[in-house]
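Side chains are part of it too, since the values below use all heavy atoms of this structure and drop only hydrogens, waters and symmetry mates. A quick note: this is a predicted structure, and the numbers were derived from the prediction, not measured. Letters A, B, ... are given to chains in the order of the sequence lines, protein chains preceding strands, and every chain is numbered from 1.
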2 protein chains.
Amino acid sequence: MAESSTRTVERALSLLAIVCDQGSATLGHCARAADLPASTALRLLRTLEGSGFVRKDDDGNYRPGSRIIQLGAQSLSNESLVSLSRESMEALVAETGESVYLSVEGHGGTAIYIAMIEGTHSVRHTNWVGRTIPLSESAAGRVLHNDVPAAGYVVVERGIEADVTAIAAPIRSETKVVAALSLVIPSYRVAEHDIDRYGHQLALAAEVVSSGLGRSTISA
Amino acid sequence: MAESSTRTVERALSLLAIVCDQGSATLGHCARAADLPASTALRLLRTLEGSGFVRKDDDGNYRPGSRIIQLGAQSLSNESLVSLSRESMEALVAETGESVYLSVEGHGGTAIYIAMIEGTHSVRHTNWVGRTIPLSESAAGRVLHNDVPAAGYVVVERGIEADVTAIAAPIRSETKVVAALSLVIPSYRVAEHDIDRYGHQLALAAEVVSSGLGRSTISA
DNA sequence: AAACTCTTGCCATCTAGTGAAATACGTATT
DNA sequence: AATACGTATTTCACTAGATGGCAAGAGTTT
């Protein structure tokens, strides 16, 4: 990708992200967070507002607009990986009872959860669809980084969340890791032999998804 | 809202919407759809790509990027109306067995579904969260337009979808309609007296949500 | 190989975007 | 009531950032 870019657009997108991250923000806050003069930020926010990406509430705070929700949900539902993984994810939940996530590489050294099927236990992982996690400290992140041991899955205990154990396996398309399938389990519920068993089930499920993606067969 | 706006940003946002609507689009298609010269569209798409809002796949097509998914999901989960309505929506599903939606006014004369709880029947409505519907032809749209009869709910049979009956009721904050709660039911499963019963249950549930929003008490 | 279509890079041009300063507004204090 | 303060909004001279036509490159089809 060449260097050419458009400063004005970058500034507007930066303001959009600030509003979405904060949930609710004043003009002054947006301007400071984006390091822009107030009048510049106002004009750009006005443009975002006119296009429906942000809205101004009765208190004068800027909030995310319906357009960002619409395009986000639309893009998520059109993501073919989500539909291709649905069946395997549901089977995994049925086998393990634990919550299953699908994640892909996100922006700026992150992984982003793009689908989840909740486990069947009373105590399970809170829905994190749309959230990002650092590539460097998560099981899914390690998988997306192609850092997968011979066992075929990665285990991270006490990574992002202290009381959670995450196991992840790679989904490949033509030998390239394109997504990670992971189990996210409260640590109190997982013993050493569980990890081995779950890991294998996970790697198998990821294999099934991969085979639907035109994965090259590597000769044994 | 004043007229001042930023053409460059509008153009970029328009391209973003085109990519998300199409799911996958070539540079040429984006340029034509946005009525821009190809070199202008290329530069703006490059900017969107650099910020993670779109990505370019191996075939050279532009697709939604992780950033739009992330910000969309984040904004949706931060929407207080969704959490405030959760309990009433779940109770409605438990009482009726049908799918329940929460919608708000969207962009450009639309309503947008922002939350859904699936019904318990085998045959139920496909998840439409994030989708928009026209204000003018839907039950939710009529409610958001403040066009609610004295019964307290709106019924639309064969509106957006030919084989679906939708019943909607208003959620108010300080007498102003801020959202619509609706039941979406396959028409074969709904009889005349069902509509009356469901409508009342719906209006009551919407009332409960409204009371949590600082609704003014109108003296009887 | 030729023709066609799509993508990408370049750069002279100019207008669209900028931001400092002034003004307006709302709230709190004296 | 007057003043102070912080935030939001407006104004407009200025310039640099965005533009888009055109040529070249790349890919596909005949």
Check: When you match A/Gly60 and A/Thr8 each to their closest nucleotide on DNA chain D, which lands nearer the 5' end?
Finding: A/Gly60
Check: Looking just at side-chain N and O atoms, do B/Thr110 and B/Thr132 make a donor-acceptor pair shorter than 3.5 Å?
Finding: no
Item checked: Side chain of B/Arg43 (C-beta onward), nearest among C/dG19, C/dT7, D/dG20 -> D/dG20
Notebook entry, point to check: Which part of the nucleic acid does A/Arg11 contact within heavy-atom distance under 4.0 Å: base, sugar-phosphate only, or nothing?
Noted result: sugar-phosphate
Check: Which part of the nucleic acid, if any, lies within reach of B/Thr40 when heavy atoms closer than 4.0 Å are counted: base, sugar-phosphate only, or nothing?
Finding: base
Check: Of all the nucleotides listed (D/dT9, C/dT7, D/dA18), which has the minimum atom distance to the side chain of A/Thr6?
Finding: D/dA18
Notebook entry, point to check: Is it the case that A/Glu10 and A/Ser5 place a side-chain donor and acceptor less than 3.5 Å from each other?
Noted result: yes
Item checked: CG-OG distance between A/Asp147 and A/Ser136, expressed to the nearest 0.5 angstrom -> 11.5 Å
Notebook entry, point to check: More 5' along DNA chain D: B/Arg7 or A/Gly28, using each one's nearest nucleotide?
Noted result: A/Gly28
Next item on the list: Ignoring the backbone of B/Leu27, work out which of C/dT7, C/dG17, C/dT18 is nearest its side chain.
Entry: C/dT7
Notebook entry, point to check: Has A/His107 got more than 12 heavy atoms of other residues, nucleotides or ligands less than 6.0 Å from its NE2?
Noted result: yes
Notebook entry, point to check: Considering only side-chain heavy atoms of B/Leu42, which listed nucleotide, D/dT19, C/dT8, C/dT18, is closest?
Noted result: C/dT8
Notebook entry, point to check: Can you name the one residue among A/Met89, A/Met116, A/Glu118, A/Glu90 that meets side-chain contact (heavy atoms from CB on, under 4.5 Å) with A/Val100?
Noted result: A/Met89
Next item on the list: Classify every nucleotide of nucleotides 22-30 of chain D by which part a protein heavy atom approaches to under 4.0 Å, writing B for the base, S for the sugar-phosphate alone and - for neither, in 5'-to-3' order.
Entry: ---------
Note to self: Using the side-chain heavy atoms of A/Lys56, tell me which of these nucleotides is nearest: D/dT9, C/dT18, C/dG9.
What the structure shows: D/dT9
Note to self: Working to the nearest 0.5 angstrom, can you tell me the gap between A/Ile171 CD1 and A/Leu181 CG?
What the structure shows: 4.5 Å
